[in-house]
Amino acid sequence: MAKKNIAIGGISTECSSYSPLFQKKEDFISVQGQDLLDLIDFPFSDYNIKVNPIFFNKSVPGGPIDRKYFDEIKNEFITEINSFEKLDGVLLLMHGAIYVEGIDDPEGEWIRSVREAVGIDCIISVSYDLHGQITDTIIKNIDAFAAFKTAPHIDVQDTYRRSALMLASAINENYRPQVLWSSIPVLVSGEMSSTFVEPCKTIYKNLYHLNEKNEILDCNLLVGYVWADTHRATASSVVTCTNKKKGAEACKRIAKAYWNARKDLKSDMVTGTIDEAFVWLKSKFSIIADSGDNPTAGGVGDRADVLEAFFEQKIDHVLFAGIASKSAYDELKKGNEFSIGGSFGGGGPVLKLKADSVYFKNQCAVVSVSKTVIVISKIRRPFHNLEDFAELNLDLINFKILVVKSGYLSPELQSIPSRSFLALTEGAVNQNLVSIENKKRKKKIYPFQDFNKFEPLVSDGESIVN
Ligand SMILES: [Zn+2]
C-alpha cells in the first residue's frame with residue numbers, strides 16, 4: 001500500500017498586548033528536520049505514514065509579534081505546504097496566544113491558510129497550549145485537537161503525541177473526527193489555574209475520565225491568556241469526538257465545571273505586594289516571584305523595581321536572577337559602574353550602581369553590589385531551572401533570598417526546600433487582573449465583571465450543536 005503523506009510544523013509564543021517589546025524574527029528559534037521529528041517522537045512509520053517536517057518556530061513569550069514577520073513566516077509555511085505532493089494530513093504545533101496588531105485571530109489566520117492550501121480532504125490535527133485562545137475559524141478548519149493538560153506544563157511531548165495519534169489513526173483507519181468547542185466567560189492568570197492544586201486539579205483529572213467514553217477522543221479545558229486585550233480572549237472547552245451529540249455533552253460538562261469553580265481560582269502561593277513580602281520574610285530560605293515582569297508569561301524581564309525595594313530595605317544575601325539588560329552587560333565589560341532597569345522598554349526605575357565584583361558567563365554578568373548578587377542577562381530569559389544557577393557557579397546555599405522573575409514557580413524551583421511568595425509587581429503581565437486595561441475584551445468576563453448566569457453554547461465552528 002502506498003505510504004500516506006503528512007507535514008508537521010507551526011509557531012508558538014505568548015504575546016502580552018501590554019508589552020512595548022515587539023517580537024521579531026531574531027526572537028524565534030526554528031526547530032527543523034530530524035530535531036522536529038525528535039520533538040514529537042511518534043512512530044509514524046508504524047502507520048505507513050511519510051512525514052515531511054516543515055518548521056516549528058518558537059520564542060520566549062513577549063510582546064506582540066511584528067506584523068511583517070508574522071505575514072512572512074506564515075507565507076513561508078504555506079509555500080512549504082504547497083511544495084509537497086498531496087498531503088493526507090497536517091500536524092500543527094501551535095500555542096494559541098499570539099497577538100499581532102491588526103489581526104484579530106492570528107492562529108485562526110494561520111490555520112485557515114493551511115486549510116486553503118491542503119484542501120478539504122486533508123486531516124488537520126492541532127496541538128495547543130492550555131493558555132491558548134480558540135475561535136470558530138480555528139475549529140471549523142481542523143479535525144482533531146489536543147492541548148496540554150498540566151500547568152506548569154509537564155506534558156508537552158505527551159500532547160504532541162496525542163494529536164499525532166489522532167492524526168495517524170484517522171488517516172490509517174480512514175475516518176474523520178470532529179472538533180467542538182464552547183467559550184467560557186472566565187479569564188484568569190495561569191497562577192490562578194495551576195493544575196497541581198484545586199480546583200483545577202480535579203477538573204483536569206476528570207478530562208481523562210471523559211476521554212474514556214466511547215466516541216470521545218480528547219477532552220480539553222483551555223484557561224486562555226489574560227494579558228492580551230483581544231475580543232477572542234476567554235477560557236474554552238474543546239472536545240475531539242466522532243459523535244457530535246456525545247462531544248457536545250462533554251464540552252458543556254467541562255465548561256460548566258470550570259464556570260462553577262471560578263470563585264475558587266486562586267494562586268497557590270502566598271501573594272501580596274512587595275511591601276507585604278518584606279513583612280512575610282523570615283529567616284528560612286525564601287523565593288520571591290517578581291510576577292508582573294515574568295518573561296515566560298510575556299513580561300519584558302528588565303525591570304528593577306524589586307531590586308530597588310530590596311536596596312531600600314537594606315536586606316542582604318539576596319540573589320536576583322535575573323534582570324535583562326544588554327546595556328548594563330556592555331557597561332560592565334568596560335568598568336564597574338552600570339545602570340539597570342527598563343533597558344528593553346519595560347519601564348520602572350533606573351538604578352545607577354557600582355559593582356564590587358563581576359564575572360561573565362553564558363551571556364550573563366554576575367555582579368556583587370554590597371551583599372546582593374545580581375545576574376544581568378544580555379538577553380531576555382528565565383532562570384527557572386537549577387541548571388541555570390549551576391552554570392553560573394551560583395550555589396543557592398549562599399543566599400537567604402532568591403528573587404526570580406516568575407509566576408508560579410517551576411517544578412525545579414518548587415523542589416527546593418523554601419518558603420515562596422508571589423509578589424504582585426508592575427509589568428506587562430501584571431497579576432492584579434482587575435487593574436489591567438480592557439478595550440477589546442468581551443464585556444462579560446469573570447473576574448472583570450461578576451455575574452451568575454452562564455449556559456455553555458457548543459459550536460462546531462459553523463453552527464451551534466445541541
Ligand atoms: Zn502555557
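When a ligand or atom number is given, it counts from 1 through the structure's own listing order. Residue numbers start at 1 and run along the sequence shown.
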Are the charged groups of K244 and D460 less than 4.0 angstrom apart, N to O?
yes
Mind checking ring pair (Phe, Tyr, Trp, His ring centres under 6.0 Å) for F28 and listing every partner two or more places apart, or none if nothing turns up?
Y69
Under the ring pair (Phe, Tyr, Trp, His ring centres under 6.0 Å) test, residues paired with F320 that sit two or more places apart:
F310
Describe, in one word, how the ring planes of F148 and H153 are oriented to each other, choosing from parallel (under 30°), tilted (30 to 60°) and perpendicular (over 60°).
tilted
The Zn ion (ligand 1) - number of protein N/O/S atoms closer than 2.8 Å
4
Between R381 and N362, do the side chains contain an N or O donor and an N or O acceptor separated by less than 3.5 Å?
no
Going by the rule ring pair (Phe, Tyr, Trp, His ring centres under 6.0 Å), which residues pair with Y47 if we only count those two or more places apart in sequence or in a different chain?
F42
